[in-house]
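Computed from a prediction, not measured in an experiment: that's the story for all the values here. We number each residue from 1, following the sequence as shown.
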Amino acid sequence: MSALAQYDVADLGARAETMINALGVISAEPGRLARLFLTPEHRRAADLVAAWMKEAGLAVTEDALGTVRGHLPGMSPRKLLVGSHIDTVIDAGRYDGIFGVVAGILAARHIARSGQIPPLSVDVLAFGDEEGSRFPTTLSSSLAVAGHFDMAQLSQPDRDGVTLADAVRAYGNQPENIASSAYKRDGVAAYVELHIEQGPVLEARQQPLGVVTAIAGQTYLTVELAGESGHAGTVPMNLRRDALAGAAELISFIEGVAKGYREGVVATVGKLALSPNAANVIPANVTFTLDLRTTADETRQRHAIAEKFRMEARAVAERRGLGLAITQTRNTPMTLGDMRLQDGLARAAAAVGFDAPRLGSGAGHDGQAMVKLCPVGMLFVRCRGGISHNPAEYASPQDMGIAIAALIEFLKQFRDF
């Protein structure tokens, strides 16, 4: 018999939706959701999450990079970490990241109020820098928790020239305390995250839950092209050094390369800036980002694609008389979900009556940092249309309630490795 009957799934889902909607109005911009790392909006969201953790019966602390932690004691002091992030992209949906934090709080609340003691202590984590929307780095908060934060990143500025170090201080913390954010490796058993799928597979299979096998590897490049501005009406086409035309050629090239692979490779130019950016002036300078992701034969394949792009960029720059600079700002390997955690999450899904298919994640997650500390596992939740990073992002209360019930089962059943 399914264990789902012992849970009020409708109540769990309704509570999750109410909490998600409460966080969804904390934004730097009217009319759209934008909540960036170490901003006043991050502070408001973190304080609200901390209040929910306390109401759930958890002991709450916060580390130097703003990760909020709620602790539920277990039979063992060894910790099972559960969480996700509360920062967003610009013009975001409400569920990405936030659902995983809310699910962790509600699962811990259920266990605490039932009087049960889980086999391991549980820490619910609310990270603040998964999206990388403010600084040119990302996963800062989870890397600090994992003990792998690079202190050199503190000098990185945001678009307004505010360095990460200054942002930490403005948030009310001290950069020199970041090292103390790290968990001790022997004190942590695993990290588990619930997340909306951000893709259409579960909806197509008519399944509310899925177990993640791997998180795609990512390479981020920043490409700068330098040409010469000139009058749009007087400079002949064959004498132009048009940086934007060169960028367009390269963007088209990398799209063709990615499409040449049947599956497992995606390439995205998501940010582009040009100057002088005037209607009647030839663009002199262009900077754009290239996001490469792979899931199959990932390290060798992604390196080969990036090198092919660099060769083409050099050829285009030479032919068009452009200056060229390419900087690699991120290179994250593929992260495999621990097989024992995959099996445990599958059993938890089965316990509440669902056969959770196994699938990969093309999106990045905090697990890519946490794997440096401990084994990681993820449980996906169906989202409507597979839409994410978009205000139309949506997961039903019913599916969220089922996922939280599965997480409760996992926390109750999980034993140390």
Any residue meeting ring pair (Phe, Tyr, Trp, His ring centres under 6.0 Å) with Phe354, in chain and number order, not counting sequence neighbours: none
Thr163 and Asp166: side chain donor to acceptor below 3.5 Å: yes
His365 and His195 aromatic ring geometry - parallel, tilted or perpendicular at 30°/60° bounds: perpendicular
Tyr394 and Tyr95 aromatic ring geometry - parallel, tilted or perpendicular at 30°/60° bounds: perpendicular
Parallel, tilted or perpendicular: rings of His42 and Phe37 (30°, 60°): tilted
Side-chain (Thr289) to main-chain (Lys271) donor-acceptor, under 3.5 angstrom: yes
Heavy-atom neighbours of Glu55 CD exceed 12 at 6.0 Å: yes
Arg134 side-chain N/O to Leu38 backbone N/O, donor-acceptor pair under 3.5 Å: yes
Whether Arg240 side chain and Val235 backbone form a donor-acceptor pair below 3.5 Å: yes
Contacts of type side chain to side chain donor-acceptor pair (under 3.5 Å), residue His71, not counting sequence neighbours: Asp123
Under 3.5 Å: donor-acceptor pair, side chain of Ser27, backbone of Ala34: yes
Can I get a per-line list of side-chain donor-acceptor pairs under 3.5 Å for residues 371-385, giving both atom names and the distance, sequence neighbours left out?
unit_1 : atom_1 : unit_2 : atom_2 : d
Arg382 : NE     : Asp399 : OD2    : 2.7
Arg382 : NH2    : Asp399 : OD1    : 2.9
Arg382 : NH2    : Asp399 : OD2    : 3.2

Donor-acceptor contact present, side-chain Ser142 to main-chain Met370, <3.5 Å: no
Parallel, tilted or perpendicular, as decided by the 30° and 60° cut-offs, for the rings of His110 and Tyr7: tilted
Return a table of donor-acceptor pairs under 3.5 angstrom between the side chains of residues 254-261 and protein atoms on other chains or two or more places apart.
none

Student check: side-chain heavy atoms of Leu125 and Tyr183 closer than 4.5 Å: yes
Pair Thr39-Glu41, side-chain donor/acceptor within less than 3.5 Å: yes
CE (Met75) with more than 12 external heavy atoms under 6.0 Å: yes
Residues in ring pair (Phe, Tyr, Trp, His ring centres under 6.0 Å) contact with His85, at least two apart in sequence or another chain: none
Any side-chain heavy-atom pair of Leu324 and Val223 under 4.5 Å: yes
Donor-acceptor under 3.5 Å (Arg35 side chain, Leu23 main chain): yes
Distance-minimising heavy-atom pair for Ala405 and Leu12: N-CD1, 4.2 Å
Minimum side-chain heavy-atom gap Phe149-Ser140 below 4.5 Å: yes
For Ala64 against Val168, the heavy-atom pair lying closest together: O-CG1, 3.6 Å
More than 12 heavy atoms of other groups within 6.0 Å of Glu318 CD: no
Any side-chain heavy-atom pair of Glu131 and His389 under 4.5 Å: yes
Backbone of Val162 reached by a side-chain donor or acceptor of Asp160 within 3.5 Å: no
Partner residues of Phe99 under the ring pair (Phe, Tyr, Trp, His ring centres under 6.0 Å) criterion, sequence neighbours left out: none
For Gly367 against Glu193, the heavy-atom pair lying closest together: N-OE1, 4.1 Å
Gln368 (side chain) donor-acceptor with Thr332 (main chain) under 3.5 angstrom: no
Residues, nucleotides or ligands: over 12 heavy atoms within 6.0 Å of Arg159 CZ: no
Over 12 non-hydrogen atoms of neighbours within 6.0 angstrom of CD1 in Ile117: no
Nearest-0.5 Å distance, CD1 of residue Ile402 to OG of residue Ser396: 7.0 Å
Side chain Thr18, main chain Ala14, donor-acceptor under 3.5 Å: yes
Sidechain-backbone polar pair: Glu17 side chain, Gly13 backbone, donor-acceptor under 3.5 Å: no
Check ion pair Asp47-Arg43 (N to O, under 4.0 angstrom): yes
